[in-house]
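Each chain gets a letter, A, B and so on, in the order the sequences are listed, and its residues count up from 1. If you're wondering where the values come from, they're calculated on a predicted model, not measured in any experiment.
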Amino acid sequence: MVEPATTESSVAPTGATEITAMRPEGFPTIRTGDTDFLKLVLDESGEKIQACYQCHKCASGCPVASETDYTPDKLILLIQLGDEDKALRARHLQTCVACYTCSARCPNNINGARLVEALKQIAREEGIPPAKPKVDAFHDTFLMSVRHFGRVNEAELMGIYSLRAGFDWTTILKSPIMFLKGRLKLWGGRIRRLRMFRKLFANKNS
Amino acid sequence: METELTYYPGCSLHGSSSFYDTSVRTVLSRFGVSLREIEDWSCCGSTSASKTDHRLGIALPARNLGLAQKEGRAVLAPCSSCYSKLVAANVAMKEEPRLLKSINEELEYPYTSELPIRNILELLLDGLEAKDAPRIVNPLKGLKPVSYYGCLLTRIPGYEPKEDIENPVMMDKILKKIGADPIDWSYKTDCCGASSAVADRPVAINLIKKLLDEAIESEAMAIVTSCPMCQLNLDMYQEQAAPARPIPVYFITEMVGVALGLREEMKKEIRRHFVDGVSLLSELGVL
C-alpha cells in the first residue's frame, strides 16, 4: 500500500483512499489501494521505487528533461498513483537515451534507466504502441541484424531502418563520404553456430 | 600491467570505427601488450538489447565472456558501450545469479567465473606510468583539448568505477603525460545521444550541440574521447549541430600514438574523421 505522505486524504465509498490535495496538475484522481501496477513494475524492474522521496535529482540531471514528458521521478509518481496508462504511454520510454545519470545520482539507489526499460517492456507485452515508434524501430532493427549474423551489420541496419522509419537525407548524403572514408562496411562478418546463438532471442520481446 | 589480454573489439571497431581498432592495436603493441581477439565473438547487444529485453541484455555479453573464460585473462573492450555491457554481465553474476544460471544453460561456453574487464584508459595510463614505458618522442606541446568520457565508461549500475563517477580524470592524466594541456570543463560525462542520433535526431542534435558549444566555450582546440559512438556523433553531426567553428574529435589512442612518434600511422587514421583533425596537429608541429 503506497500513500504519498504529503497528501490529505479522505475515505472514498469503496474503502479505497481518494487523494484530493497536493496533486500535481495533470495527474488524475487515483484511488490508492490499487497497487497491482506497482507490483508489476517492481517485479519487472527489480527497482525499489517505493523508496523515492521525490527529490528530483534524477530530473535535474536528465539530459533530455526539456524534451520529454515524464522524467523518472514523475514516472515513479505515476506508478505509485497507479496511473498505468500514462506511465506506459509516456514519451520518455523512447526519449530516454540510457545515459544512466539518474541511476548514478539517485540517493535511494533507484536505477531510473532500468525502470524505464522495464516500463517499456511491460508496454510492449501489453501491446501499447510506443509514443515514438521510430526509436523502437531502431532498436528492433539493431537486434534483427544481431540475430541475422551475430554481429551488427551497419549497412543492413541503416538500410532496413530507413525502410522502416523513412529515408533521411542526412544519412543518405553522408553515406558516400562514410564509404570513401572506410567507415561504411557492406559486410560485417558473421559468427558460427547461429542457430544456437538465436535461441538467446527466444524471449517474448526480442 | 598485463602483457597479454583477451580482446573484444565489438561491432563498431569492425565497422564504422575500424580505424579506432587500428590505433588501439598499434599503440598497445608499443606498450608490449599483445591482444588476442575472442574467437567467434558476437555483439554485446549495446543499449538496444537492454532496452528491449533485460535478459538478452545480459545474455549477449555473457556469451562473449563465456568464450573468453577459456583463456582466463582480463578482457579489454575499447568501446565504452561494449565495456559497460561486459561489466553489466559481471554485475549480474553477483546480483542476479539465477538469471545468469538460466542464461548459461543456453550457452555453449557458460560464463561461470568472473573475468576482470579493462577499459582502454586504464591500459594506456598503466602503460605510460610503467617503468619501461616507451618514450614520448613527440610530446603534444601546445595542444589544449578537453577530455570527453561520455556516459558508459563510468556510469554502470551496480559497479563502482575505479575513478570518480562525476569527475573522472584518467584521460586528463594521460593527456598530461603525453605533453598536452587538457582543459577542465563540466561536460566530461554528459551524454552525446548515442543511437538517438539516428532514431531521434532532434534530441541527439541538442545534446551534441551542447557538448560542442561548451568545448568551444572552454577554449578547447579539440575533443578527445575513447568511445566510438561519442566520436562518431560529435564528429559526424557538426554541420547539423552548427557550433561556432568546427572542432576536431580525436580518439585518445590517436593522441598517444602521435606522441609515441607514430605520425604516419596515426595520420592515416585521423584522415578518416569527418572534421579535419590533421591541420590542427600539423600547425602545432606534431603531425
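With a 4.5 Å cut-off on side-chain heavy atoms, B:V203 and A:Q94 do not count as touching. Looking at A:K185 and B:S18, their side chains come closer than 4.5 Å, going by heavy atoms from C-beta outward. Inter-residue side-chain proximity for A:C99 and B:R155 is flagged as met; some heavy-atom pair is nearer than 4.5 Å. With contacts defined as side-chain heavy-atom distances shorter than 4.5 Å, the pair B:K51/A:K120 qualifies. Contact check for A:T170 versus B:Y237: side-chain heavy atoms found under the 4.5 Å cut-off. Side-chain contact between B:E166 and A:R105 is present, with heavy atoms from C-beta onward closer than 4.5 Å. For the pair B:W41/A:R151, a side-chain contact is recorded, criterion being any heavy-atom separation below 4.5 Å from C-beta on. Counting heavy atoms from C-beta on, the side chains of B:T154 and A:Y100 never come closer than 4.5 Å.
In terms of heavy-atom pairs under 4.5 angstrom with chain A, the leader among B:Q240, B:R201, B:K210 is B:R201. Taking chain B as the reference chain and counting heavy-atom pairs below 4.5 Å, the highest number among A:S66, A:C96, A:A155, A:G46 is found for A:C96. Heavy-atom pairs under 4.5 Å with chain B were tallied for A:M196, A:K134, A:R190, A:K181; the largest tally goes to A:K181. Note on B:P202, B:S16, B:C151, B:G193: by heavy-atom pairs under 4.5 Å with chain A, the leading option is B:S16. Ranking B:T47, B:V198, B:I165 against chain A, the residue ahead of the rest is B:V198, based on heavy-atom pairs under 4.5 Å. The most heavy-atom pairs under 4.5 Å with chain B, out of A:V116, A:T68, A:V135, come from A:V135. In terms of heavy-atom pairs under 4.5 Å with chain B, the best-connected choice from A:I177, A:D168, A:L184, A:T171 is A:D168.
Note: B:D53 CG to A:H139 NE2 = 13.5 Å, rounded to the nearest 0.5 Å. Rounding to the nearest 0.5 Å gives a distance of 13.5 Å between CG of A:N153 and NE2 of B:H14. Put simply, CZ on A:R183 and OG on B:S12 are 9.5 Å apart, with the number rounded to the nearest 0.5 Å. Going from atom OG of B:S195 over to atom CZ of A:F142 covers 8.0 Å, rounded to the nearest 0.5 Å. If you take CE on A:M178 and CZ on B:R272, they are separated by 10.5 Å, rounding to the nearest 0.5 Å. The CG atom of B:L207 sits 6.5 Å away from the CD atom of A:E67 when rounded to the nearest 0.5 Å.
Annotation for B:E37: atom CD counts as buried by contact number, over 12 foreign heavy atoms lying within 6.0 Å. Atom CH2 of A:W169 has 12 or fewer heavy atoms from other residues, nucleotides or ligands within 6.0 Å.
Both the backbone and the side chain of B:S50 come within less than 4.5 Å of a heavy atom of chain A. Interface remark: B:A49 contributes backbone and side-chain atoms alike to the contact with chain A (heavy atom separation under 4.5 Å). Using a 4.5 Å cut-off between heavy atoms, B:D190 does not touch chain A at all. With a 4.5 angstrom heavy-atom cutoff, B:R271 touches chain A only via backbone atoms. With a 4.5 Å cut-off on non-hydrogen atoms, B:R63 touches chain A through its side chain but not through its backbone.
Residue A:V152 forms a side-chain contact (heavy atoms from CB on, under 4.5 Å) with just one option from B:C43, B:S42, B:C44, and that option is B:C43. Applying the side-chain contact (heavy atoms from CB on, under 4.5 Å) test between B:S48 and each of A:L143, A:L157, A:D136 identifies A:L143 as the sole match.
With B:F274 as the aromatic partner, A:K174 meets the cation-pi criteria of under 6.0 angstrom to the ring centre and within 45 degrees of the ring axis.
Using a 4.5 Å cut-off between non-hydrogen atoms, the part of residues 91-107 of chain B that approaches chain A consists of B:E106, B:L107. Residues of residues 56-64 of chain A lying under 4.5 angstrom from chain B, judged on non-hydrogen atoms, are A:P63, A:V64 by number.
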